[in-house]
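Computed over heavy atoms, backbone and side chain alike; hydrogens, waters and symmetry mates excluded. Given the structure is predicted, the values throughout are model-derived calculations rather than measurements. We number each residue from 1, following the sequence as shown.
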Amino acid sequence: QVQLVESGGGLVQPGGSLRLSCAASGDLLNINSMDWYRQVPGKERELVASITSDDTTNYSDSAKGRFTISRHNAENMLYLQMNSLKPEDTAVYYCSAHRQYSDILSETYWGQGTQVTVSS
């Protein structure tokens, strides 16, 4: 079992910045990637950024150039630095960990989410 706890959300004005954190604990063996998703009511959960075990990063079109995903493996921490925030970024942000047991079996874990509200 993997436990993920997000923090750092809050209210910020357009153009502002926030840094989200995700603390991971439990059995972290073979976690192949960690990700940030976001979701608004009535919308499908959207992948924002991901980082793999070989440090490959990927960003959604909306996040590119504004958001940065990073990790501190020794501390089992995942971060999302969000700059130049827009009202459209308002959502509940979730961190996720993907474990690949084998080429066939895998499992994804989710945190409880942290609210980010961008409003003037």
Side-chain angles (χ1 to χ4, degrees):
Q1 182 72 14
V2 173
Q3 294 82 43
L4 303 171
V5 180
E6 302 95 335
S7 62
L11 176 64
V12 64
Q13 293 184 348
S17 298
L18 282 175
R19 182 178 175 87
L20 304 183
S21 300
C22 175
S25 61
D27 182 8
L28 303 180
L29 183 66
N30 293 330
I31 296 296
N32 302 99
S33 68
M34 297 194 73
D35 317 274
W36 286 99
Y37 287 78
R38 66 187 182 189
Q39 188 171 29
V40 299
K43 300 286 187 178
E44 186 175 346
R45 189 168 295 187
E46 172 192 16
L47 177 64
V48 177
S50 65
I51 184 166
T52 65
S53 58
D54 66 353
D55 291 324
T56 299
T57 58
N58 189 60
Y59 299 92
S60 68
D61 289 340
S62 64
K64 282 187 295 186
R66 300 188 299 128
F67 295 1
T68 302
I69 187 171
S70 62
R71 64 184 182 186
H72 291 170
N73 290 340
E75 301 173 355
N76 297 323
M77 295 290 292
L78 179 74
Y79 302 98
L80 183 67
Q81 178 66 46
M82 304 186 295
N83 299 324
S84 302
L85 284 163
K86 306 174 181 179
E88 307 91 89
D89 297 317
T90 296
V92 176
Y93 284 72
Y94 299 88
C95 68
S96 174
H98 183 74
R99 191 206 307 275
Q100 194 77 38
Y101 290 100
S102 68
D103 290 341
I104 299 176
L105 296 176
S106 64
E107 191 166 12
T108 301
Y109 302 90
W110 298 92
Q112 83 290 341
T114 185
Q115 176 71 48
V116 172
T117 303
V118 184
S119 177
S120 60

Between Ala91 and Val40 the two heavy atoms that sit nearest each other are CB-CG1, 3.6 Å

Do His72 and Tyr79 make the cut of ring centroids closer than 6.0 angstrom? yes

Between Asp61 and Lys64 (salt bridge meaning N to carboxylate O under 4.0 Å), is one present in this structure? yes

Heavy-atom side-chain proximity of Gln81 to Ser17 below 4.5 angstrom: yes

Carefully, step by step, assess Val116 and Met82 under the rule side chain to side chain contact (heavy atoms under 4.5 Å, CB included). CA-CA 10 Å; Val116 172; Met82 304 186 295; 3.9 Å; yes

Among residues two or more places apart or on two chains, list those pairs meeting disulfide (SG to SG under 2.5 Å) that have a residue in residues 82-120. Cys22-Cys95

Would Ser62 and Ser60 count as having a side-chain donor-acceptor pair, cut-off 3.5 Å? yes

Can you hop from Leu105 to Leu28 via hydrophobic side chains spaced under 4.5 Å? yes

Shortest non-hydrogen pair, Arg99 vs Asp27, comes out as NH2-O, 2.8 Å

Taking the six-membered ring for Trp, are Trp110 and Tyr37 closer than 6.0 Å centroid to centroid? yes

Worked verdict on Tyr94 versus Arg38 for side chain to side chain contact (heavy atoms under 4.5 Å, CB included): CA-CA 6 Å; Tyr94 299 88; Arg38 66 187 182 189; over 6 Å; no

Of all heavy-atom pairs linking Asp89 and Arg66, the shortest is OD2-NH1, 2.7 Å

